[in-house]
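What's counted below: heavy atoms across the whole structure, side chains too, no hydrogens, waters or symmetry copies. Residue numbering restarts at 1 for every chain, and letters A, B, ... go by the order of the sequence lines. The structure displayed is predicted, hence computed values, not measured ones.
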Amino acid sequence: MAIPDLRTVADSLRQRIPDLPADLARLVRSIPSGQVVTYGDLAKELGDTVASRWVATYLLQPEGPLADFSHRVVRSTGEVGLFHNGNVTEKAQLLLGEGTLVQNGRVDLNRFRWQLPAGIKPLVSLKSWQKDFPLPDEKRFQLDRLQSIGGLDVSYKEDTAVAVCSCFGSDGKQLKQHFVQTMPVNFPYISGYLAFRELPVYLELLVQMQANDQLPDVLLVDGNGKLHPRRMGIATMLGALVGIPTIGIAKNQLCGTILCEHLNVGQWEPIVASKNDADNVLGYTILPHAKTKNPLYVSVGFGVLEEAMQSIVDRCFAGHRSPEPIYHADRESRRIASTL
DNA sequence: GCGACAG
DNA sequence: ATCTTGTCGC
């Protein structure tokens, strides 16, 4: 696959990403006085209950934009729950003032629960996009012609993302140069949907690198590839969008089952879909060195076979937990974000 | 109460 | 990811 014009790719991707905070705001404002919904009701209406945590933290922000409405959102047990200003008594008083009975700190959901109207569920659309994500023909990856390895990571200063791509030689240890891209972010972090938060800034970064004719031969991405509930983590989506081989490198396990009971340093151990589906290898876990007891979770993104993936990642280990290109991108993006 | 979810 | 004081170890 030839590398497409990334300006076009970046623009069309951004158009397909929903405005989740606006969708949540519309739902919360639609709750009538005298009625309540739960955090999970809102998440379900957005399309995935996994978004419950984001819904709760968003509504509980101290100076949040929905402060005038969020008292109508309670826990699934009926408990009134926390309030954005820390004053749980005020939340109960506001509910009582609207005619919503609060007894022993709880609302009777059978009586006061508002049925949110069924609408377009943005997270359902994103899930089906991931499930059917178009995977172009993979360029035959030549390990012996590998010249540059890029490491990608993002840090944040409030709602500004700072993405860095650190370019290393094929030895995986020598830094050649690095590129930086900053962009405001709107899409929240929701487990399983990381790509929709971080792809826009990555693509803008790669647009810049393409203009300088400095795109690496392979990209190590902070996050997962195939090791994902829908087998479509950020590394896979990014690789398929830009036509560059990618590898996903995560510091925490998102899904899957590790069959072996003990990890030996430097040894690649498979992560399978489940005990019942033990032939379905989604990725690998590896302990980079004896100093850390925390392993990494590595999976194929796009356009790389597992053998080449292991060879590339192995040569990038040099005393840190993360492969050097990712380690450098992480440190540099964090440093720049802290100056904003 | 338990499980628990990349960044 | 970020927030955040002290603390442990090389």
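- Between A/Asp330 atom CG and C/dT2 atom P the separation is 8 Å, expressed in whole Å.
- Put simply, CD on A/Gln253 is 14 Å from C1' on B/dG3, counting in whole angstrom units.
- As judged by a 4.0 angstrom heavy-atom cut-off over every strand, A/Ile234 is placed among the base-contacting residues.
- Note on A/Asn224: a base of the nucleic acid sits closer than 4.0 angstrom, heavy atoms only.
- A salt bridge links A/Arg113 with A/Asp41; the closest basic N to acidic carboxylate O contact falls under 4.0 Å.
- Residue contacts shown for A/Gly248 are absent, as no nucleic acid heavy atom lies under 4.0 Å away.
- Within the nucleic acid shown, A/Lys251 comes within 4.0 Å of sugar-phosphate atoms alone, with no base atom in reach, counting heavy atoms only.
- Following rounding to the nearest Å, A/Tyr284 (OH) and B/dA6 (P) show an atom-to-atom distance of 22 Å.
- Rounded to whole Å, the distance from CD1 on A/Ile326 to P on B/dG7 is 10 Å.
- Between the P atom of C/dT2 and the CD1 atom of A/Ile336 lies a distance of 13 Å, rounded to the nearest Å.
- The OH atom of A/Tyr297 sits 12 Å away from the P atom of B/dA4 (whole-angstrom rounding).
- Between A/Lys251 and A/Asp222, at least one side-chain nitrogen of the basic residue sits less than 4.0 Å from a carboxylate oxygen of the acidic one, meeting the salt-bridge criterion.
- Residue A/Trp54 contributes atom CH2, which lies 20 Å from atom P of C/dT2 at whole-angstrom precision.
- Geometrically, A/Arg231 does not engage A/Phe133 in a cation-pi contact defined by less than 6.0 Å to the ring centre and at most 45° from the axis.
- Looking at heavy-atom distances under 4.0 Å, A/Phe196 makes no contact with the nucleic acid at all.
- A cation-pi geometry, defined here as NZ or CZ lying under 6.0 Å from the six-membered ring centre and within 45° of its normal, holds between A/Arg230 and A/Tyr193.
- Atom-to-atom, CG of A/Asn252 to P of B/dA4 comes out at 13 Å; the value is rounded to the nearest Å.
- By the 6.0 Å and 45° rule, A/Arg16 stacks over the aromatic ring of A/Trp129.
- Dashed line: the shortest gap from a side-chain N or O of A/Tyr189 to OP1 or OP2 of B/dA6 is under 4.0 Å.
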